[in-house]
Amino acid sequence: MRRKIPGLMAAALLFGAVAASPAAAQARGYIGFGPGVSLPVGDFGDVAKTGWLGQVFGGITGPNGVIGGRIDGMYVRHSLEVPDAATALIGAKAVLVVSPGSAGAKVRPDGL
């Protein structure tokens with residue numbers, strides 16, 4: 001099965017390239033990533049130190065530029081006041097993106 005996966009992926013990419021419509025009518029995809037700081041609050045803030053986070057996201061905007069979708073993933077890690085102890089969180093969400101206005105506008109609410 002492992003030998004078939006690269007072949008299937010190559011066939012899917014080739015089919016996608018052949019079946020693609022003109023560039024003006026295609027959806028636009030994007031990916032991104034970034035680091036951040038996680039501040040513990042409440043009771044958790046009493047036992048946890050300031051932590052760090054990393055996020056990754058990817059999405060697609062439809063051909064008309066008004067409707068799209070995005071998936072976000074995040075990893076958060078905090079050291080605890082107890083020696084050699086830490087906590088980690090993993091999160092994900094799916095987002096429906098609506099961008100009113102024309103696709104060619106210079107300014108749009110979501111910045112796309």
Side-chain angles (χ1 to χ4, degrees):
M1 181 66 182
R2 287 186 180 193
R3 292 181 187 177
K4 292 181 182 179
I5 291 175
L8 291 173
M9 290 176 64
L13 288 173
L14 181 62
F15 177 76
V18 171
S21 53
Q26 289 185 354
R28 182 177 61 120
Y30 57 92
I31 59 170
F33 60 92
V37 175
S38 178
L39 304 172
V41 296
D43 292 338
F44 184 62
D46 295 338
V47 296
K49 299 176 183 176
T50 299
W52 60 271
L53 63 89
Q55 69 176 22
V56 63
F57 59 89
I60 190 165
T61 302
N64 63 3
V66 177
I67 302 281
R70 183 175 71 220
I71 297 176
D72 299 347
M74 185 179 297
Y75 177 83
V76 183
R77 185 159 180 95
H78 287 273
S79 295
L80 301 178
E81 297 292 339
V82 179
D84 297 326
T87 184
L89 305 167
I90 296 176
K93 67 179 178 179
V95 181
L96 173 66
V97 179
V98 179
S99 305
S102 71
K106 290 184 179 183
V107 177
R108 298 193 48 203
D110 68 347
L112 293 175

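Predicted model only: the values in this text are computed from it and were never measured.
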Colleague: Go through the structure and list residues passing side chain to side chain contact (heavy atoms under 4.5 Å, CB included) with Val41, not counting sequence neighbours.
Modeller: none
Colleague: In the hydrophobic clustering that connects Ile, Leu, Val, Met, Phe, Trp and Tyr at side-chain heavy-atom distances below 4.5 Å, which members other than Leu53 occupy its cluster, ordered by chain and number?
Modeller: Met74, Val76, Leu89
Colleague: Quick test of your reading: applying salt bridge (charged side-chain N to carboxylate O under 4.0 Å, His left out), list the pairs with at least one residue in residues 40-58, sequence neighbours left out, ordered by first then second residue.
Modeller: none
Colleague: What pairs meet the salt bridge (charged side-chain N to carboxylate O under 4.0 Å, His left out) rule with one or both residues in residues 32-41, with sequence neighbours excluded?
Modeller: none
Colleague: Do you know which two heavy atoms are closest between Thr61 and Tyr30, and how far apart they sit?
Modeller: OG1-CE2, 3.9 Å
Colleague: How close do Phe57 and Phe33 get, counting heavy atoms only, and between which atoms?
Modeller: CE2-N, 4.0 Å
Colleague: Residues two or more places apart in sequence or in another chain: which of them pass side chain to side chain contact (heavy atoms under 4.5 Å, CB included) with Leu39?
Modeller: Val37, Thr50
Colleague: Any chance you could pull the hydrophobic cluster mates of Tyr75, using side-chain heavy atoms under 4.5 angstrom and chaining through other members?
Modeller: Trp52, Ile90
Colleague: My understanding is that only residues two or more places apart in sequence, or in another chain, count here; which of them pass side chain to side chain contact (heavy atoms under 4.5 Å, CB included) with Leu80?
Modeller: Phe44, Ala48, Ala85, Thr87
Colleague: By the salt bridge (charged side-chain N to carboxylate O under 4.0 Å, His left out) test, which pairs, at least two apart or in different chains, include something from residues 85-99?
Modeller: Asp72-Lys93
Colleague: Look up atom CD1 in Ile31 and atom CD1 in Ile71, then write down how far apart they are to the nearest 0.5 Å.
Modeller: 13.0 Å
Colleague: Enumerate the salt bridge (charged side-chain N to carboxylate O under 4.0 Å, His left out) contacts for residues 75-84, please, sequence neighbours excluded, ordered by first and then second residue.
Modeller: none
Colleague: Partners of Ser38 by side chain to side chain donor-acceptor pair (under 3.5 Å), sequence neighbours excluded?
Modeller: His78
